Amino acid sequence: MASRLTIKTPRGYRFARDVCSYGFFLLAPNHWDPRTRTFSRVLDLPGGPAAVAMTEPARGELQARFTRTLSPGDRAAAVRQITRMLRLDETADTIREFHRLDPRWKRSGRGRLMRSPTFFEDVIKTVTSCNITWPSTIAMNRRLCEVVGRGGAFPTARLLARARRTTLRARCRVGYRDARIIELARKFVAGEVDEAWLADPATPDDTVWKALLEWPGIGPYAAANIMQLLGRYSRLPLDTESIRHGKTVLGLRGSNRQIMRAVHAHFAPLGHHAFRGYWFELWEFYEARRGKSWTWERDVTAATFTASQLK
DNA sequence: GGTAGACCTGGACGC
DNA sequence: GCGTCCAGGTCTACC
């Protein structure tokens, strides 16, 4: 028999707004149905993959319906993964602190950024977003789930550590990222990645930054993005989109390098909430052109969400 | 510290 | 249908 879970959400949490708050919600195995406002995906649980469909039947709680019966171990893992993915462990006080620093988002209540059920998925999704256009990122993630993942789930580190470079390149079309993805997966499997230490507020941002830059395939953009996915919002993952934003929205002029520096300086007063302010400004720009994010279809964004088309 | 070129894929474009 | 060009971060070599 199928299992159901009811999960309480923090005060101010809004399912559609907060799920559709970061591009990862459009990447497989994630799927958002704008008509029914249902978020679904396959979670990799101790008892095997399980498809889940989530809705918000009432304010303050989410309902997760699974396609199979969950063991107690499965249920605990599912709650842990959903909590991580939706950042339900970020308190209302944290969001209020962000709104005090950047009051533009107080009315809409924005503050949380969707991420993945596991840190490993966050890291690989970041690598698949580097040096590539958005449609290819969407395709790569879909193929990784279809070709390597179990039962439609995102591939685990163990599966990717064992994958062949030729499989990733020829069937998942990840290009030169093949070796880097496998090396990263092997680091996770070998126990060389201490997520608790990386996420611990007692570990300085600079220390985490330097550690991430040592990882294969991780440069300044990817490291800053992984940091925000760890809950460290002081650094900005700046890319070509940021340059477009700096020019068209902030009115900045100069070389790309100068604009990057100016964007950093612009958001620096937000301190350890800088990325939230930067990101929601970018998100609002997209929504002004494409409608609210919870109305977006994955295939439509694949065709239209690229820096060159948003100029 | 800064810069040039290679690394891949997929879409746009010209013929 | 084919060839060429371009967008997109990271890495390495070089100055």
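These numbers were taken from a predicted model, which means no experiment stands behind them. Values reported hereafter were calculated over all heavy atoms of this structure, with side chains retained and with hydrogens, waters and symmetry mates removed. Below, chain A is the first sequence line, B the second, and so on; all start at residue 1.
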Peer 1: Is any NZ, NE, NH1 or NH2 atom of the basic residue among A:R41 and A:E121 found under 4.0 Å from an Asp or Glu carboxylate oxygen of the other?
Peer 2: yes
Peer 1: Roughly how far apart are A:L238 CG and A:R261 CZ, rounded to 0.5 Å?
Peer 2: 12.0 Å
Peer 1: Could you pull out all residues at least two apart from A:D206 that satisfy side chain to side chain contact (heavy atoms under 4.5 Å, CB included)?
Peer 2: A:R235
Peer 1: Taking only Lys NZ, Arg NE, NH1 and NH2, and the carboxylate oxygens of Asp or Glu, determine whether A:E241 and A:R244 approach each other closer than 4.0 Å.
Peer 2: yes
Peer 1: Between atom CG in A:D178 and atom P in B:dC7, what is the gap in whole Å?
Peer 2: 13 Å
Peer 1: Compute the bend angle of the helix from B:dG1-C:dC15 to B:dC15-C:dG1 from the end axes (five pairs per end), rounded to 10°.
Peer 2: 40°
Peer 1: Can you give the donor-acceptor pairs under 3.5 Å from side chains of residues 78-85 of chain A to other protein atoms, not counting sequence neighbours?
Peer 2:
from  : atom 1 : to     : atom 2 : distance (Å)
A:Q81 : NE2    : A:D44  : O      : 3.0
A:T83 : OG1    : A:V79  : O      : 2.7
A:R84 : NE     : A:E195 : OE2    : 3.3
A:R84 : NH1    : A:S116 : O      : 2.8
A:R84 : NH1    : A:D122 : OD2    : 2.8
A:R84 : NH2    : A:D122 : OD2    : 3.4

Peer 1: Take atom CD1 of A:I138 and atom P of B:dG11, then tell me their distance rounded to the nearest Å.
Peer 2: 11 Å
Peer 1: What pairs with A:F66 under ring-ring contact (aromatic ring centres under 6.0 Å, His included), at least two apart in sequence or on another chain?
Peer 2: none
Peer 1: In residues 221-232 of chain A, which ones come under 4.0 Å of DNA chain B, going by heavy atoms?
Peer 2: none
Peer 1: Atom CZ of A:R244 to atom P of C:dG9: distance rounded to whole Å?
Peer 2: 12 Å
Peer 1: A:M140 CE to C:dG9 C1': how many Å, rounded?
Peer 2: 12 Å
Peer 1: Round to a whole Å and report the spacing from CG of A:L184 to C1' of C:dT10.
Peer 2: 12 Å
Peer 1: Measuring to OP1 and OP2 of B:dT9, would you say a side-chain N or O of A:S136 lies under 4.0 angstrom away?
Peer 2: no
Peer 1: State plainly whether the residues A:R110 and A:E281 are in salt-bridge range, i.e. N to O under 4.0 Å.
Peer 2: no
Peer 1: Between P on C:dA7 and CG on A:N131, what's the gap in Å once rounded to a whole number?
Peer 2: 12 Å
Peer 1: Counting only side-chain nitrogens and oxygens, does A:R177 get under 4.0 Å of the OP1 or OP2 atom of B:dC7?
Peer 2: no
Peer 1: Any N/O pairs under 3.5 Å between the protein and nucleotides 11-15 of chain C? List them or say none.
Peer 2:
from   : atom 1 : to     : atom 2 : distance (Å)
C:dC11 : OP1    : A:G217 : N      : 2.5
C:dC11 : OP1    : A:I218 : N      : 3.3
C:dC11 : OP2    : A:I218 : O      : 3.3

Peer 1: Between residues 250-263 of chain A and DNA chain B, which residues have a heavy-atom gap below 4.0 Å?
Peer 2: A:R257
Peer 1: Once ring-ring contact (aromatic ring centres under 6.0 Å, His included) is applied, do any residues pair with A:W279, and if so which ones, sequence neighbours excluded?
Peer 2: A:Y22, A:F275, A:W283
Peer 1: Round to a whole Å and report the spacing from CZ of A:R142 to P of B:dT9.
Peer 2: 15 Å
Peer 1: Between A:K210 and A:E214, does any side-chain N to carboxylate O distance fall below 4.0 Å?
Peer 2: no
Peer 1: Restricting to side chain to side chain donor-acceptor pair (under 3.5 Å), what partner residues turn up for A:Y233, sequence neighbours left out?
Peer 2: A:R87, A:E90
Peer 1: Do any side-chain nitrogens or oxygens of A:T133 fall under 4.0 Å of OP1 or OP2 in B:dG11?
Peer 2: no
Peer 1: Extract all donor-acceptor atom pairs below 3.5 Å that involve side chains of residues 161-175 of chain A and protein atoms in other chains or at least two apart in sequence.
Peer 2:
from   : atom 1 : to     : atom 2 : distance (Å)
A:R165 : NE     : A:D178 : OD2    : 3.2
A:R169 : NE     : A:D178 : OD2    : 3.0
A:R169 : NH2    : A:D178 : OD2    : 3.4

Peer 1: Using ring-ring contact (aromatic ring centres under 6.0 Å, His included) as the criterion, list what pairs up with A:H273, not counting sequence neighbours.
Peer 2: A:F98
Peer 1: Under the ring pair (Phe, Tyr, Trp, His ring centres under 6.0 Å) test against A:W32, which residue among A:W296, A:F39, A:F15, A:W294 passes?
Peer 2: A:F15
Peer 1: For a quick test of reading the model: is some side-chain N or O of A:R143 closer than 4.0 Å to OP1 or OP2 of B:dG10?
Peer 2: yes
Peer 1: Starting from P on B:dC8, measure out to CZ on A:R165 and report it in whole angstrom.
Peer 2: 8 Å
Peer 1: Run the salt bridge (Lys or Arg N to Asp or Glu O under 4.0 Å) test against A:K292 and tell me which residues pass, sequence neighbours left out.
Peer 2: A:E287
Peer 1: Among B:dG10, B:dC7, C:dG8, find the nucleotide with the atom closest to the side chain of A:Y176.
Peer 2: B:dC7
